[in-house]
Peer 1: 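To start, I am sharing the structure in question, which I have written as structure tokens.
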Amino acid sequence: MGEQRSAQWYSGNDRNSYIHRAWMRRGVPSDSFEGRPQIAIANTASDLTPCNAHLDEVAEHVKMGIWEAGGVPLNLPVVSLGETQVRPTAMLWRNMAAMATEEMLRANPIDGVVLLGGCDKTIPALLMAAASVDLPAVVVPGGPMATGTFRGHPLGCGTDVWRLSEEVRGGEMSNKEFLRSESSMIRSRGHCNTMGTASTMALVAEALGTVLPGLAGTPAIDSRLLEGAHETGRLAVELVGAGRTPRTLLTRASFLNAIVALAAIGGSTNAVVHLLAIAGRLGVELTIDDFDRTGAGVPLLVDLQPAGRYLMDDLHRAGGFLAVLREVRDLLDPAALTVTGFPLVDHLDEARIWDPEVIRVRSRPLQPEAGIAILRGNLAPGGAVIKPAAASPHLLAHRGPAVVFDSVEDMRARIDDPDLPVEADSVLVLRGCGPKGYPGMPEVANMPLPKKLLEQGVRDMVRVCDGRMSGTAYGTVILHVTPEAAAGGPLAVVRTGDIIALDVENRTIDVEVGAEELAARVPNEATVNGYANPRRGWERLYIDHVLQADTGADLDFLVGSSGSEVSRESH
Ligand code: FES
């Protein structure tokens, strides 16, 4: 004792150490405070985060591993975010969840932490927290749900909601049939089974080196998840002994490996803001252009929805994430370490592809170049994101007149108006959806197509937005436009009828309006300040301090680290 952080609370024979020990006894062995690593289990289990509701059971298995390795497990319920439930968008609360978790880890007598997450924002928030407090940390991803079926076909959560609802709007399916699919959509515990944000962030966390290699992507109902949780508990104790903290593990090389992985799996565009935010907490130099430079040429090897056909349990059956990484091993930095203390590439030798339709070999990719492309131009001077793998190839070079919506409410009110001046070659523009503008940067960039065009058989259009897109969505969508309209970006002054030119190959997005005219245009009040409810509390703090999407949409005062030191005693 004496070396460990928790000894600052528990060692000694004075009044304060007495208080700290006495209140924690409650049945634990009496030697629990004598140098045994105190391991928090930062647990996002919540009935209101249905994708994470099973994490209490996972926590029990983590606990067994911690006890077994000589540590003391401590359940620490932390802020949880159910993607489908919280309003106005879970992204508004990601930084709050990260801040609250960071502060609770720092405030408590903890030597290390196991991070239990699943649903979209939970793993990013936990990793941001762990990065800032810099205590030894390891993630257990909660795993994807089992695949449900409807009319004999597998259902991809999220992706098939978008697809079926468009079929209803296009007159190809009755609303009654649509509602019938509802009970089949979520078949079991676990997070969305597509390559949406939850699956992406679990796999990306493993590529970063923060998960026991081979565990991410294990289905939530699979007993091997509990086995991995048990082993992770043991590993957490080892991490404390080795002093293996996020700052010692996560380097620029780790993030570049994560970008390669993101491209190879066809992962969610949301990983861009999350990885940038985590890197910002660590002081690792990472920019949006790294996603293009490192990832754009990487082949898509995983045939999963929304870019492909299969679902997460298929990926696991086919060999899992490590089999994917093995195919791109030459693109991975061999120096990047994992929580095991060994490089990521050292864990790839045993991996095998068992179903080459689900995981493609390198010589037979689903798409030869699949990563995220970063566009710039007079419409997005700070950059914008597109995922070419989820877009229509014929729209990747396109010119068309803008149809502009000032807010999601404006878009919903007019998108199906028969008099809307929209044609198949129009470019739908939605603004007021950035970090400050909404606030919270919601997943609305994949606007529904106008009903009259759907009825004509149109299935994709170029869409431009300062918000985000669900990882389960698809289409030719340019998102994260920076600066956003509410921060004075040019998007604020685009008008219906302006010609917008997209050229993904040359990485440009422009509005064909002269610089002088653009500068002279004054945005309307609704664009800059469309959300007029009184603001206080977190929302006030968020709007005043949130950064733009190109650096991860963190709060300015949360970038960086405070470390784990708390010098003042509580009594
Ligand atoms: Fe939780 Fe999709 S809603 S992962």
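This chain uses plain numbering: 1 for the first residue, then up along the sequence. Numbering of ligands and ligand atoms starts at 1, following listing order.
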Peer 1: Hey, could you give me each pair passing side-chain hydrogen bond (donor to acceptor under 3.5 Å, both in side chains) that has a residue in residues 190-200? Not counting sequence neighbours.
Peer 2: T197-S268, T197-N270
Peer 1: Any salt bridge between R309 and D314, counting N to O under 4.0 Å?
Peer 2: no
Peer 1: Holding to side chain to side chain contact (heavy atoms under 4.5 Å, CB included), I want the full list of residues that pass it with D134, two or more places apart in sequence or in another chain.
Peer 2: T245, P246, R247
Peer 1: Using a 3.5 Å cut-off and no angle test, enumerate the donor-acceptor pairs between side-chain atoms of residues 385-393 and protein atoms at least two apart in sequence or in another chain.
Peer 2:
residue: K387; atom: NZ; partner: G266; partner atom: O; Å: 3.0
residue: K387; atom: NZ; partner: G267; partner atom: O; Å: 3.0
residue: S392; atom: OG; partner: D460; partner atom: OD2; Å: 2.4

Peer 1: State whether E103 and R106 are salt-bridged, where the test is any N-O pair (Lys NZ or Arg NE/NH1/NH2 against Asp/Glu carboxylate O) under 4.0 Å.
Peer 2: yes
Peer 1: Got a sec: does the CG of L48 have more than 12 other heavy atoms crowding it under 6.0 Å?
Peer 2: no
Peer 1: Ignoring water, what protein N, O or S atoms are under 2.8 Å from atom 2 (Fe) of ligand 1?
Peer 2: C192 SG
